[in-house]
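Step one of this worksheet: look at the structure below.
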Amino acid sequence: MNCTKCKTKAVIDLPRHNAAFCTPCFTTYVHEQVAYAIKHQRMFGPDDRILVAVSGGKDSLALWDILLKRGYKADALYVDLGIPGYSAKSRAKVERFADTVARPHGVTLQIHTVQEEEGAGIKELSDLVHRPTCATCGTIKRYQFNKAAVEQEYDVMATGHNLDDEASRLLGNVLHWQDEYLDKQSPILPASVEGFAKKVKPLYRLSERELAAYAVLNKIDYIVEECPMAKGSKMLLYKEVLNRLETESPGTKHRFYWGFLEKQAKAQPAATSMAEKDQAMLHPCKTCGQPTTSEICSYCKMMSRAKVSK
Ligand code: Q46
Ligand code: ZN
């Protein structure tokens with residue numbers, strides 16, 4: 001198998017593009033996909049300050065790596081969830097990457113420790129508020145990333161969601177006809193109201209397998225294990241189903257997700273209608289001031305319930 005571009009020995013084949021690449025040509029392909037996503041979706045410009053949400057996994061570290069190598073000013077934020085046997089390992093990977101790769105670019109890594117800031121690790125907190133661990137985790141991460149981006153005046157917040165994440169989420173939303181989620185499923189969410197950071201997903205054109213290969217070939221040391229709380233989740237099932245379809249018919253995932261994005265773009269001028277809807281529905285939380293649909297935001301509700309239960 002030879003590289004489609006330079007004809008030397010290939011290290012990876014990409015059936016969905018009917019191509020194969022050697023290491024340098026594959027790295028170029030990955031960077032080009034990210035560059036296209038940033039430009040095509042108008043995610044950010046060369047002078048914007050970016051806050052990358054990092055977890056220690058392949059996707060977020062690859063994203064940080066790509067943005068830095070492409071000359072962007074990208075700091076990162078890691079949320080330490082306090083999951084025994086997992087968080088310490090993932091945090092060590094992030095810190096190592098920050099020390100060896102990121103800091104020489106003059107950027108910073110911030111760490112938010114749930115145990116210290118919210119008063120308990122994620123499992124204890126979810127028991128206290130009687131909610132599933134992943135729902136509790138999602139509320140805290142969304143809240144803290146948005147807060148950091150807004151308070152420190154970053155132009156945009158970037159996450160490492162890849163094609164598999166987005167296609168499986170789309171499958172879940174379609175299977176349950178979650179109209180409201182479908183409206184908001186986009187690689188870019190504008191800062192529709194004051195207090196909301198603009199959010200982007202520059203890896204939406206790259207698959208999980210491609211990002212794992214990028215990380216390995218570029219010697220990025222990432223945590224291979226999934227978060228233990230993800231076990232049995234519907235998203236993993238949807239990913240398995242899509243992988244089956246992808247093996248039988250390469251390109252299924254990107255045709256499914258990119259096709260949805262094309263139809264969505266034709267159906268509505270996304271940014272304006274979404275901003276109008278948000279402006280009508282959202283107002284500042286009475287406790288913390290972040291935008292919410294109810295009087296008190298879900299993070300503040302959760303934190304007051306946790307305090308009462310203690
Ligand atoms: S980190 Fe958090 Fe995921 Fe772990 S606790 Fe669940 S939501 S599975 S992205
Ligand atoms: Zn609040």
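Below, each value reflects all heavy atoms present in this structure, side chains not excepted, and no hydrogens, waters or symmetry copies. We count ligands from 1, going down the list as the structure has it; atoms in each ligand are counted the same way.
With sequence neighbours excluded, no residue forms a side chain to side chain donor-acceptor pair (under 3.5 Å) with Arg169.
The local environment of NZ in Lys69 is crowded, with over 12 non-hydrogen atoms from other residues, nucleotides or ligands closer than 6.0 Å.
Aromatic pair His17/Tyr29: centroids less than 6.0 angstrom apart.
Ligand-side atoms of ligand 1 in range of Lys141: 1 (S), 2 (Fe), 9 (S), range being under 4.0 angstrom from any heavy atom.
Using cut-offs of 30° and 60° on the angle between ring planes, the pair Trp258 and Tyr204 is perpendicular. Taking the six-membered ring where the residue is Trp, Trp64 and Phe97 present tilted rings, their angle falling between 30° and 60°.
A salt bridge is absent between Lys266 and Glu262: the closest approach of a Lys/Arg side-chain nitrogen to an acidic carboxylate oxygen does not fall below 4.0 angstrom.
Protein N/O/S atoms closer than 2.8 Å to atom 6 (Fe) of ligand 1, listed by chain and residue number, are Cys134 SG.
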